[in-house]
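Atoms within a ligand are numbered from 1 in the order they appear, just like the ligands themselves.
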Amino acid sequence: MFKANDNFSKISENYLFSAVSRRVDDYCKANPGVDVIRLGIGDVTLPVSRAAVDELIKASSEQAARETFVGYGPEQGHPFLIEAILKNDYAARGIELSSDEIFISDGAKSDLGNIGDILSKDNTVAITDPVYPVYRDTNLMAGRRVITIPCLASNDFVPTVPRDVIPDVIYLCYPNNPTGTSLTYDQLKVWVDYAREHKSLILFDSAYEAYIQHSDVPHSIYEIDGAKECAIEFRSFSKTAGFTGLRCGYTVVPRELVSHDGYCLNDMWRRRQCTKFNGASYVVQRAAAALYTPEGKLQVKENIGYYMTNARMLIQGLADAGLTVYGGIDSPYVWVKAPAGMDSWSFFDLLLNRCRIVATPGVGFGECGESFVRFTAFNSRMNTEEAARRIKLLSKHTQSII
Ligand code: MLT
């Protein structure tokens, strides 16, 4: 008699973005032909960078010839990509890591969920609220206790270290999804010091690192002294170079990272990956490595500039409409307070029905996200301009709402 994992009863029936997408599909079915602008899920719209596409084509053709064919690669990734990451993302910032501390994967989301395989079910896990739902849902699925750290406008969305319950594992995502805010060196150092003092582990999601504009915002948690003994960092090529479909990211597990009961997490993660993962696709890793060439770097920079101009446009449009707006400076996400005491889903519905704009309801990211919605800057310039125009128009016609 088999039994299912009854921890699934502790999570909502649908993943946040599937629930939103269902609601939007229903709207589109009921209103055929309407031009809906999607600023909901953080999926990019610019195509994959040219440098990466050229390499994809080359690597794919090599797969067609016996002499150049490549089969299974190392589970932790091909050395050509690992070396490019070490040199450009770390050594260039004065961070020393070795090649066996980098693990290439099919994206940050999988690793952020899978990392639980090497952690005890008895750990208490802290997540910020609002939060990227993957941290909460995967830990509830595994049966771990999850506590939340409120991030509110009143504390500038900066999480405060917990004092009543000391968590064993802490997820931090900066630049933040969903609030779009960032942490300075000093603010992140507070967390690193706390984790070292309490022997906690920080799981640092750095998927939006490329969007950082402020000079006092760290690009990697390892820029903070001591972080290698308490933090794992997750990175992704999805939002920087249009890899949401291709899938590639990487995770850094320093060798210094040893659990309270004496396990080297690097050894465990390698063991886990070798057992459950055959490595990211070779052609996709070749494409990712091309992002570190001079042309690749330039194209990534242009993509980020494009989306950040969209973010500024959105912020302006929303502010002109009289709305209170946060984020969107070091991040492609803009966090918006719903007007007139509306809750997240009511504002979502108003935006969809009156403006034909899809946002993500803030409450889907946690209780503290209630009465907010999140916009992404990932749509095209034309659609972003049009979205800002529609929101302004809404405010003109409905002074009592906005
Ligand atoms: C988001 O919209 O929060 C992200 O696109 C989700 C993801 O990266 O998995």
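- Residue Y333 has at least one heavy-atom neighbour below 4.0 Å for each of these atoms of ligand 1: 1 (C), 2 (O), 3 (O), 4 (C), 5 (O).
- For residues 324-346, the set of pairs meeting the side chain to side chain donor-acceptor pair (under 3.5 Å) definition, not counting sequence neighbours, comprises S182-D330, Y208-Y333, H214-D330, K337-S371, D343-S346, S344-E370.
- Taking the six-membered ring where tryptophan is involved, the planes of Y211 and Y307 are tilted, since the angle between them lies from 30° to 60°.
- Cation-pi geometry between R270 and F103 is not met: the NZ or CZ atom fails to fall both under 6.0 Å from the ring centre and inside 45° of the normal.
- A salt bridge links D267 with R255: the distance from a Lys NZ or Arg NE/NH1/NH2 to an Asp or Glu carboxylate oxygen falls below 4.0 Å.
- Of all the atoms in ligand 1, the ones that sit under 4.0 Å from a non-hydrogen atom of I41 are 2 (O), 5 (O).
- The side chain of N177, and not its backbone, has at least one atom closer than 4.0 Å to an atom of ligand 1 (non-hydrogen atoms only; side chain from C-beta on).
- Looking only at protein heavy atoms, the nearest one to atom 8 (O) of ligand 1 is K239 NZ, 2.9 Å.
- Note that CD1 of I102 and CD of E83 are 9.0 Å apart. Values are rounded to the nearest 0.5 Å.
- The residue from F365, F378, F17, Y132 that puts a heavy atom closest to atom 1 (C) of ligand 1 is F17.
- Considering backbone and side-chain atoms alike, Y15 places every N or O at 3.5 Å or more from each N or O of ligand 1.
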